[in-house]
Amino acid sequence: MMKLLFAFFASSCFILLSVANNIDVKNTQIWGPALRSEARLPVRYFYVQAYDKKNKIIKNDLGDDAFKFTLGSPSGARVRAWVTLLNRHNGSYIGRFRMYDYSGDITISVTHKGNHVAQSPYTIKDVYGDECDCPLNNRKQWMKALECPSSYKQIEEDFKNRETIDLTTLKEKVLARYGKHHSLCHYVVKDNEVYRECHGSITDFKMFMDTPMLNLARKVKLPDVEFFINLGDWPLVKSPDDPLPIVSWCGSDNTYDIILPTYDITNSVLEMLGRVSLDIFSVQSNTGPKWKNKIEKGFFRGRDSRRERLNLAGMSQENPELLDAKITNYFFFRKEEEKYGKVKSISFFDFFQYKYQINVDGTVAAYRFPYLMAGDALVMKQDSEYYEHFYREMKPDVHYIPLKRDLSDVTEKIKWAKKNDQKAQEIQRAGTDLARRILTPAQILCYHVAFFEQYSRRQNQPVTVLSSMEKLDQPNKNCNCRKKKRKSNKTKDEL
Ligand SMILES: *[C@@H]1O[C@H](CO)[C@@H](O)[C@H](O)[C@H]1NC(C)=O
Ligand SMILES: *[C@@H]1O[C@H](CO)[C@@H](O)[C@H](O)[C@H]1NC(C)=O
């Protein structure tokens, strides 16, 4: 037995080593926004794709230690930063870092066995920590550095019937129509300063808009805008005639709100390598076993926020060989706890032990959908009137498997996927690739700025700050912004 085990380990070591030896440091590619100074982001990131000596792409897992990523500065000054290199287990990696109390030039080094990879070390000029209030004045340059797309389907849709945004009557109309029963915050951006006034009884969620507004204003100079955001779950704008330009985090088929990325995904961009651990990158490194080793069942965990979730748990009780769907918390249907049972919640990353992920709405759209899509399981999505900012980019049966609203076809769809494993994996790959491309931190922030641009263009008068508004303060960090340092000499950056 010992001998057998030894032989097994020895041979698997050998395989790993021989693969690692095939990495060619010059053929290997490194790219991404972290290599561009103007791509100001809360957390900067880049990608590494391993290539071998014959310049062929390496697709197998090279282990966590194949590459080493370090951050420094040309002057040798210490850069205080949280630095990680995520292994995507397919020959590719994501390097990312959050800097603290640092502004200046940095060097990014990526090495393999002590040798620099691609054009490493990279020197990047004028890089600022997340808290530095050093916005890039040239918005076009920022958008180019982040590779923002020229348009977004959802933004086009949302502004289709909004040629003019009438600021003269905005506040009056919004408060008259929605002020009584809803919590809304009124924001103004003027000369890149953020002001706000909230209306309604429950306004704790204002922090989910304050934080991104201030963060964006530190990265790039925003256009002057005045808008209202709805802090509640449900979209508000019912009438297509004179639809008020209210911003919400979730849209629905019979409302006309303007949609921004949900506070959940935006917050995960801003707090990445900080207060949140689940984000669009971390999920790519924590996808459990490979496709062929995943448990061939539909999986769901969540609270009881919708009847269909209970129904799904019921179907799971009847079809345990196809479904593992359970409720982790009761609030809305407490009386039914006994019937459907309750289990402890598990780490999101452990969801990917299972091949098929069932996405069921909560009170509105389930905000886990982006992370499910970015993992490497096949997502089965309940048909829903609710949508987030990116749903228009995704197609049923191309990027995910659609399920009926009442979920009555879930067992049938799981059986289909089990029988058609190759096709199922194709859909999974297409969905995963798309999600990983369109839900990057850059894309989430681009979307906000694209929204501001579209909105500001339509305002019918200059934006004014109301005396009742509160000015939101930026953290007072001592950063050497390039602009301040070289005031007398305009750099390209400022033109
Ligand atoms: C690894 O995964 C990423 C993210 O989905 C993908 O873009 C890349 O093409 C994959 N690499 C290989 C070699 O399959
Ligand atoms: C601006 O900087 C350039 C390059 O450092 C220098 O040649 C030029 O004289 C400066 N101009 C002013 C007005 O200081």
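Nothing fancy with the numbering, it's 1 onward along the sequence. Atoms within each ligand, like the ligands themselves, are counted from 1 in listed order.
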Would you check if the side chain of S282 reaches a backbone N or O of S277 as a donor-acceptor pair within less than 3.5 Å?
yes
R405 and salt bridge (charged side-chain N to carboxylate O under 4.0 Å, His left out): which single residue from D253, D383, D361 fits?
D361
Of all protein heavy atoms, the one nearest atom 13 (C) of ligand 1 is K59 CG, 3.3 Å
Looking at ligand 1, would S92 count as a contact under a 4.0 Å heavy-atom criterion?
yes
Atom 10 (C) of ligand 1 sits nearest the protein heavy atom N90 ND2, 2.5 Å
Right, does atom 2 (O) of ligand 1 have protein non-hydrogen atoms nearer than 4.0 Å?
yes
Atoms in ligand 1 flagged as close to R88, the criterion being non-hydrogen separation under 4.0 Å:
3 (C), 4 (C)
Would you mind listing which atoms of ligand 1 come within a distance below 4.0 Å of any non-hydrogen atom of Q49?
11 (N), 13 (C)
Test: C446-C148 SG spacing under 2.5 Å
yes
Below 3.5 Å, N or O to N or O, backbone or side chain included: is there any such pair between T432 and ligand 1?
no
Any chance the SGs on C481 and C134 are under 2.5 Å from each other?
yes
Identified side-chain contact (heavy atoms from CB on, under 4.5 Å) partner of W249 from the options I259, D257, L231, N230:
L231
Row check, Y387 ring normal vs R392 NZ/CZ: under 6.0 Å, within 45°:
yes
Could you work out, for atom 7 (O) of ligand 1, the closest of L434, I58, D433, D376 by heavy-atom distance?
D433
